[in-house]
Novice: 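Mind having a look at this structure? Questions to follow.
Within every chain, numbering begins at 1; the chains are lettered A, B, ... in the order of the sequence lines, protein sequences first and strands thereafter.
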There are 2 protein chains.
Amino acid sequence: MNHGGTGTISGENLLFLTDEQLRKGIEAMFFAYRGFTADPDRILAEHGYGRAHHRALHFVNRTHGTTVNNLLSVLGVTKQSLNRVLRTLIEDGLVESRVGRTDRRERNLYLTEAGQTLERKLSEAQRERMRAAYRIAGPQAVAGFRQVLEAMMDDEIRRQYLALKERR
Amino acid sequence: MNHGGTGTISGENLLFLTDEQLRKGIEAMFFAYRGFTADPDRILAEHGYGRAHHRALHFVNRTHGTTVNNLLSVLGVTKQSLNRVLRTLIEDGLVESRVGRTDRRERNLYLTEAGQTLERKLSEAQRERMRAAYRIAGPQAVAGFRQVLEAMMDDEIRRQYLALKERR
DNA sequence: TTGGAATGTCAACAAGACTGACATAAAATA
DNA sequence: TATTTTATGTCAGTCTTGTTGACATTCCAA
């Protein structure tokens with residue numbers, strides 16, 4: 001059985017990919033994702049919302065005026081599922097849905113003042129944890145973190161992620 | 001507005017932590033987790049199972065003879081929720097539940113042959129994606145990846161993760 | 001020996017995902 | 001112009017997986 005060190009000397013590239021190393025990565029991903037969502041989850045619960053609402057708020061804020069269809073492909077859920085979430089957010093006055101100018105079938109989505117307030121609160125909590133993790137791990141680790149995550153995405157999703165990443 | 005480079009020169013440690021950088025990390029985490037679960041999800045669906053079953057199989061395999069209580073704290077769900085999943089796995093002959101020897105209130109959990117077969121199939125699919133991502137990103141990136149993930153966990157969870165990590 | 005604590009099971013419910021069917025309005029096209 | 005396609009929304013029903021509450025069993029310590 002190979003040792004499991006994370007040496008950087010070339011030649012270890014093969015030894016490196018043991019099932020043990022991979023398993024650790026898998027478990028780290030599982031446990032870290034729990035931490036990743038923990039803080040927003042607490043805030044959402046206070047408001048009677050769930051993770052689905054957070055995702056919608058995040059991406060509406062991210063791309064002001066996005067259409068429902070656009071949001072669907074980013075979130076990777078069905079329109080029925082998204083619609084339920086979106087409807088409550090609109091009813092509660094956090095999201096505004098305007099009929100499209102050029103194509104009146106479309107709905108352009110925007111956050112209201114209240115929506116922006118909640119979104120900021122959620123993302124600030126999530127950023128704070130990410131910031132702490134980044135500080136502990138250091139710049140070089142962060143670069144590696146993002147590289148591995150990007151390589152882990154499905155091709156189609158990575159395309160969307162990269163397009164989104166460059167915006168603004 | 002600061003530039004967003006991931007430079008390694010010391011002194012950039014502060015510039016580095018812009019909201020933009022943090023947001024990219026957050027979105028990368030979100031999209032990557034989808035990829036992370038995609039392959040097992042497909043296999044599970046064929047068998048009529050969900051992610052909860054995968055998690056149970058993984059950790060029962062990981063720590064043979066573990067108790068229900070032990071599993072609960074690792075998985076972070078209620079015992080009732082876990083019990084439903086566990087019951088179907090036992091009924092389907094993938095998991096065996098033996099009354100504890102020293103404490104007969106406890107149940108010790110084991111994978112059967114069939115359980116091991118499915119677990120291997122699932123973890124092999126997940127490892128394969130992780131392996132591909134690791135290969136693309138390189139050894140140094142992987143080290144950083146794990147460092148950031150570990151820093152992102154809740155303290156209690158990290159404690160469990162590290163204890164689990166050292167096993168075997 | 002008895003009452004509390006630990007462990008596990010059963011029942012009922014809720015959130016949020018899914019599919020399928022269908023309605024409406026608008027755009028695109030034949 | 002008539003027809004088809006597209007974008008969106010809604011209703012109904014199902015499934016997974018989380019929740020709480022109630023309860024049975026077992027162990028241990030007062």
Side-chain angles (χ1 to χ4, degrees), chain A residues 30 33-34 37-38 40-58 60 65-92 95-110, chain B residues 30 33-34 37-38 40-60 65-92 95-110 122:
Chain A
F30 170 66
Y33 200 78
R34 286 241 295 272
T37 56
D41 280 354
R42 266 188 290 274
I43 297 168
L44 288 159
E46 292 169 15
H47 293 254
Y49 293 132
R51 247 176 240 181
H53 299 87
H54 184 190
R55 293 197 281 266
L57 288 173
H58 177 96
V60 169
T66 186
T67 63
V68 173
N69 242 356
N70 208 312
L71 209 50
L72 282 181
S73 73
V74 170
L75 294 176
V77 295
T78 58
K79 62 175 178 175
Q80 294 91 331
S81 191
L82 175 59
N83 192 256
R84 188 179 345 99
V85 167
L86 224 39
R87 192 169 41 206
T88 68
L89 290 175
I90 291 168
E91 281 170 4
D92 296 352
V95 168
E96 196 189 337
S97 168
R98 297 184 207 151
V99 172
R101 284 203 207 184
T102 53
D103 187 335
R104 290 167 44 90
R105 289 173 304 182
E106 294 181 343
R107 301 288 180 275
N108 296 118
L109 303 170
Y110 303 88
Chain B
F30 171 66
Y33 200 78
R34 287 241 294 270
T37 55
D41 281 353
R42 266 188 289 275
I43 296 168
L44 289 159
E46 291 169 15
H47 293 252
Y49 293 133
R51 249 176 238 180
H53 299 86
H54 183 189
R55 293 197 281 265
L57 288 173
H58 177 95
F59 285 108
V60 170
T66 187
T67 63
V68 173
N69 235 3
N70 207 312
L71 209 50
L72 283 182
S73 71
V74 171
L75 294 176
V77 295
T78 59
K79 59 180 175 173
Q80 294 88 334
S81 190
L82 173 59
N83 191 257
R84 190 177 338 98
V85 167
L86 226 38
R87 190 169 45 208
T88 68
L89 291 175
I90 292 169
E91 282 171 4
D92 296 352
V95 168
E96 196 188 338
S97 165
R98 297 184 208 151
V99 172
R101 286 202 204 184
T102 54
D103 188 336
R104 289 166 46 88
R105 289 173 302 183
E106 294 181 344
R107 300 288 180 276
N108 296 118
L109 304 170
Y110 304 88
L122 291 167

Novice: Rounded to whole Å, please give me the gap between CZ in B:Arg87 and C1' in D:dT17.
Specialist: 13 Å

Novice: Taking only the side-chain nitrogens and oxygens of B:Asn69, find out if one of them lies under 4.0 Å from OP1 or OP2 of C:dA6.
Specialist: no

Novice: How close or far is atom P of C:dC10 from atom CD1 of B:Ile90, stated in whole angstroms?
Specialist: 10 Å

Novice: Please check the phosphate of C:dG8 (OP1 and OP2 only) for any side-chain N or O of B:Asn83 closer than 4.0 Å.
Specialist: no

Novice: Figure out the CG/C1' separation between A:Leu86 and C:dA15, and round it to whole Å.
Specialist: 17 Å

Novice: What is the distance from CG of A:Leu82 to P of C:dA15, rounded to the nearest Å?
Specialist: 17 Å

Novice: Relative to each other, are the rings of A:His53 and A:Tyr49 parallel, tilted or perpendicular (30° and 60° limits)?
Specialist: tilted

Novice: Starting from C1' on C:dC18, measure out to CG on B:Leu44 and report it in whole angstrom.
Specialist: 16 Å

Novice: Find the distance A:Arg55:CZ to C:dG16:C1' and express it as a whole number of Å.
Specialist: 9 Å

Novice: With salt bridge (Lys or Arg N to Asp or Glu O under 4.0 Å) as the rule and sequence neighbours excluded, what pairs involving residues 42-56 of chain A come up?
Specialist: A:Asp39-A:Arg42, A:Asp41-A:Arg51

Novice: With respect to the side chain of B:His53, which nucleotide from D:dT17, C:dT7, D:dT8 is positioned closest?
Specialist: D:dT17

Novice: I'd like to know if the side chain of B:Ser81 reaches the main chain of B:Thr78, judged simply by a donor and an acceptor atom lying under 3.5 Å from each other, with no hydrogens or angles considered.
Specialist: no

Novice: Less than 4.0 angstrom from a charged side-chain N to a carboxylate O is my criterion; do B:Glu106 and B:Arg104 meet it?
Specialist: no

Novice: Using whole Å, report how far CG of B:Leu71 lies from C1' of C:dA6.
Specialist: 17 Å

Novice: If only atom types and distance count, is the side chain of A:Arg105 paired as donor or acceptor with the main-chain N or O of A:Gly100 below 3.5 Å?
Specialist: no

Novice: For D:dG18, does the base pair up with any side-chain atom of B:Arg84 as donor and acceptor (N or O, under 3.5 Å, distance only)?
Specialist: yes

Novice: Which of parallel (below 30°), tilted (30 to 60°) and perpendicular (above 60°) describes B:Phe59 and A:Phe30?
Specialist: tilted

Novice: NA contact type, A:Gly48, heavy-atom cut-off 4.0 Å: base, sugar-phosphate, or nothing?
Specialist: nothing

Novice: Indicate for each nucleotide in nucleotides 19-30 of chain C, in 5' to 3' sequence, whether protein heavy atoms under 4.0 Å reach the base (B), only the sugar-phosphate (S), or nothing (-).
Specialist: BBB---BBS---

Novice: Are the side chains of B:Val68 and B:Asn83 in touch, meaning some heavy atoms are under 4.5 Å apart?
Specialist: no

Novice: Please state how far atom CZ in B:Arg34 lies from atom P in C:dA17, giving the value in whole angstrom units.
Specialist: 11 Å

